[in-house]
Amino acid sequence: MVELSWFVFLLILTFPFSVSKEDTEVTCVFSQSCILPCSFQFTSDSLIHWIYPITQNSSIHSYYHNKDQLGHQNQSFQNRTSLFLDQLSRGNASLLLKEVKIQDEGRYKCYTSNSRGQQDSFIRLKIEAPVSDIRIHQDGNRITCSSEGIYPQPELTWSTEPPSNTALQNRTTVHQTEEKLYDISSSLTGPDGPDLTYSCSIRTRRNQKTATSRSQRTSLPSAAPEGSSRHRVVSMVMVGAAVAVVTVVLVGKYKMQKLASAQHGGAQNEFTS
Ligand SMILES: *[C@@H]1O[C@H](CO)[C@@H](O)[C@H](O)[C@H]1NC(C)=O
Ligand SMILES: *[C@@H]1O[C@H](CO)[C@@H](O)[C@H](O)[C@H]1NC(C)=O
Ligand SMILES: *[C@@H]1O[C@H](CO)[C@@H](O)[C@H](O)[C@H]1NC(C)=O
Ligand SMILES: *[C@@H]1O[C@H](CO)[C@@H](O)[C@H](O)[C@H]1NC(C)=O
Ligand SMILES: *[C@@H]1O[C@H](CO)[C@@H](O)[C@H](O)[C@H]1NC(C)=O
């Protein structure tokens, strides 16, 4: 037991260093801008190559002779890359990548070279497209839940309130678009039981969203207005009851006052104060 925990401890201690000593992980959101960090020792004769994919040694942004050199830039990065030129002299060779795509995921190399030496740094870029809109709608006994434009591949789960003891007959389809984003849709047929609330959750690495639908066998699609009118009826009944109670109390008090003034002639102030 003690040996095992020591082993786990050592594993945890050495794991991050042995696997990714030099990789910096960066996660960016699909279609937004992203900064790939890189630092170096600046001199005026500096050369910078941002390389991706590393296996093809292809340049997505180069800088030397004191200016950007985009002649050999990979086409799919055209108009999307820039350096922070005003920050170079501070040793900042970070790359600004705009409108990131799923295809931009992977390992990048920042190569810098000058009279002070040369250096490679590696960045592992991950792209995420969070779950945004999730829609749920009911058509008769069939409930469908869907969402689009998610990355990486999302998970979809159904649940009911109160919990159902029979497995839900669901069918889920996932489709990957040309942009490599995932569209997901799932439908199920509600059981002929008592009214149930159906919830659908779609989860990916970054976030999770849940939508809820109230199942009604009579399939009136106006669940929300009906609920609120029920609330209105309840509050009207409560107001009516309160008015009745107050009336009874006031009438009772008035009668007692009349009785008291009849008996003691003008002592009603003790009652009304
Ligand atoms: C990668 O490309 C750079 C610039 O084009 C070149 O100087 C270098 O020798 C290449 N490295 C390899 C391993 O092909
Ligand atoms: C350009 O980048 C894409 C990835 O965005 C890659 O698939 C392709 O091989 C690269 N082209 C060259 C010539 O390296
Ligand atoms: C990049 O910008 C130039 C000039 O605005 C334009 O002609 C070219 O089509 C753009 N390239 C891409 C891939 O968007
Ligand atoms: C480089 O400069 C940019 C823009 O000011 C900044 O966001 C980034 O954090 C800097 N990176 C480093 C490594 O200093
Ligand atoms: C959805 O259906 C599959 C079989 O098609 C089943 O294994 C799974 O439990 C169902 N999911 C739920 C939430 O009932």
Side-chain angles (χ1 to χ4, degrees), residues 15-132 148-154 174-184 204-207:
F15 183 75
F17 303 105
S18 55
V19 171
S20 56
K21 200 190 288 180
E22 295 173 276
D23 283 24
T24 304
E25 283 230 349
V26 175
T27 301
C28 292
V29 177
F30 177 79
S31 83
Q32 295 189 359
S33 292
C34 189
I35 295 176
L36 306 185
C38 182
S39 300
F40 74 119
Q41 293 260 307
F42 177 80
T43 64
S44 59
D45 61 346
S46 293
L47 172 153
I48 301 165
H49 282 307
W50 272 98
I51 305 294
Y52 177 85
I54 293 171
T55 50
Q56 295 183 33
N57 192 29
S58 93
S59 164
I60 58 164
H61 198 108
S62 295
Y63 177 95
Y64 48 86
H65 301 331
N66 293 309
K67 59 179 201 230
D68 288 320
Q69 308 282 352
L70 302 175
H72 298 284
Q73 185 181 41
N74 180 327
Q75 285 288 309
S76 59
F77 288 88
Q78 201 175 39
N79 300 345
R80 293 203 294 133
T81 61
S82 55
L83 297 172
F84 299 99
L85 295 177
D86 57 333
Q87 303 275 321
L88 283 183
S89 59
R90 296 188 204 166
N92 183 340
S94 303
L95 184 77
L96 176 68
L97 180 59
K98 286 185 267 188
E99 291 162 46
V100 293
K101 312 170 185 176
I102 306 302
Q103 288 88 337
D104 296 342
E105 271 199 332
R107 200 158 175 249
Y108 290 73
K109 181 163 84 178
C110 170
Y111 170 80
T112 55
S113 166
N114 58 33
S115 49
R116 288 214 208 161
Q118 46 185 304
Q119 179 189 307
D120 281 334
S121 7
F122 295 91
I123 286 89
R124 195 169 284 280
L125 177 62
K126 283 186 174 168
I127 310 296
E128 293 179 343
V131 184
S132 50
E148 280 91 41
I150 306 163
Y151 192 88
Q153 182 162 353
V174 180
H175 167 249
Q176 197 171 15
T177 67
E178 224 167 89
E179 295 181 298
K180 292 193 171 237
L181 297 170
Y182 291 95
D183 295 346
I184 192 165
T204 190
R205 211 159 45 203
R206 181 174 281 253
N207 71 340

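We count ligands from 1, going down the list as the structure has it; atoms in each ligand are counted the same way. Atom set for the values below is all heavy atoms of this structure, side chains included, hydrogens, waters and symmetry mates excluded. Residue numbers run from 1 in the order of the sequence given.
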*Asks:* For ligand 4, which atoms have a heavy atom of Ile35 less than 4.0 angstrom away?
*Replies:*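 What qualifies from ligand 4 is 7 (O).
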*Asks:* With heavy atoms of Asn92 as the reference, note each atom of ligand 4 found under 4.0 Å away.
*Replies:*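 Near Asn92, meaning under 4.0 Å from one of its heavy atoms, ligand 4 has 1 (C), 2 (O), 3 (C), 8 (C), 10 (C), 11 (N), 12 (C), 14 (O).
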*Asks:* Is the closest side-chain donor-acceptor distance between Thr81 and Gln73 under 3.5 Å?
*Replies:*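 There is such a pair (donor and acceptor under 3.5 Å, judged by atom type) between the side chains of Thr81 and Gln73.
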*Asks:* Is the ring pair Trp50/Tyr108 parallel, tilted or perpendicular, if the boundaries are 30 and 60 degrees?
*Replies:*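 The arrangement is perpendicular - the two ring planes meet at more than 60°.
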*Asks:* Is at least one protein non-hydrogen atom found at under 4.0 angstrom from atom 2 (O) of ligand 2?
*Replies:*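 Yes, at least one protein heavy atom sits under 4.0 Å from atom 2 (O) of ligand 2.
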*Asks:* Is there side-chain contact between Lys180 and Glu105, with heavy atoms separated by less than 4.5 Å?
*Replies:*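 SC-SC contact between Lys180 and Glu105 ruled out.
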*Asks:* Rounded to the nearest 0.5 Å, how far does CG of Leu95 lie from CD1 of Ile48?
*Replies:*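 Separation between the atoms: 9.5 Å.
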*Asks:* Considering the heavy atoms of Gln56, write down every atom of ligand 2 situated less than 4.0 Å from one of them.
*Replies:*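 Answer for ligand 2: 9 (O), 11 (N), 12 (C), 14 (O).
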*Asks:* Quick one: which of Ser58, Ser59, Ser76 has a heavy atom closest to atom 5 (O) of ligand 2?
*Replies:*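 Result: the heavy atom closest to atom 5 (O) of ligand 2 is in Ser76.
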*Asks:* Give a yes or no answer on whether the side chain of Ser94 reaches the backbone of Cys38 with a donor-acceptor pair at less than 3.5 Å.
*Replies:*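 Checked: pair present.
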*Asks:* Compute the shortest N/O to N/O distance between Gln78 and ligand 3 and return yes if it is under 3.5 Å, no if not.
*Replies:*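 Gln78 vs ligand 3: N/O contact under 3.5 Å present.
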*Asks:* With heavy-atom distances below 4.0 Å as the criterion, list the atoms of ligand 3 near Asn79.
*Replies:*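 Matching atoms, with element in brackets: 1 (C), 2 (O), 3 (C), 8 (C), 10 (C), 11 (N), 12 (C), 14 (O).
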*Asks:* For atom 8 (C) of ligand 2, grab the closest protein heavy atom and report residue, atom and distance to one decimal in Å.
*Replies:*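 Protein heavy atom with the smallest distance to atom 8 (C) of ligand 2: Asn74 ND2, 3.8 Å.
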*Asks:* Short question: side chain of Gln119, backbone of Ser39 - any donor-acceptor pair under 3.5 Å?
*Replies:*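 Yes.
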*Asks:* Please work out which of Gly91, Ser39, Ser121, Ala93 has its closest non-hydrogen atom nearest to atom 13 (C) of ligand 4.
*Replies:*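 Nearest heavy atom to atom 13 (C) of ligand 4 lies in Ser39.
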*Asks:* Hey, which atoms in ligand 4 end up nearer than 4.0 Å to a heavy atom of Ser94?
*Replies:*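 Atoms satisfying the 4.0 Å criterion: 1 (C), 11 (N), 12 (C), 13 (C).
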*Asks:* Could you check whether any side-chain N or O of Thr204 sits under 3.5 Å from a backbone N or O of Pro152, counting only pairs where one atom can act as donor and the other as acceptor?
*Replies:*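 Here the side-chain-to-backbone pair exists.
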*Asks:* If you count every heavy atom of other residues, nucleotides or ligands that lies below 6.0 Å from Glu179 atom CD, does the total exceed 12?
*Replies:*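 Atom CD in Glu179 is not crowded, with 12 or fewer foreign heavy atoms closer than 6.0 Å.
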*Asks:* Taking only heavy atoms of Gln87 into account, list the atoms of ligand 4 that are under 4.0 Å away from them.
*Replies:*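 Those qualifying, in numeric order: 2 (O), 5 (O).
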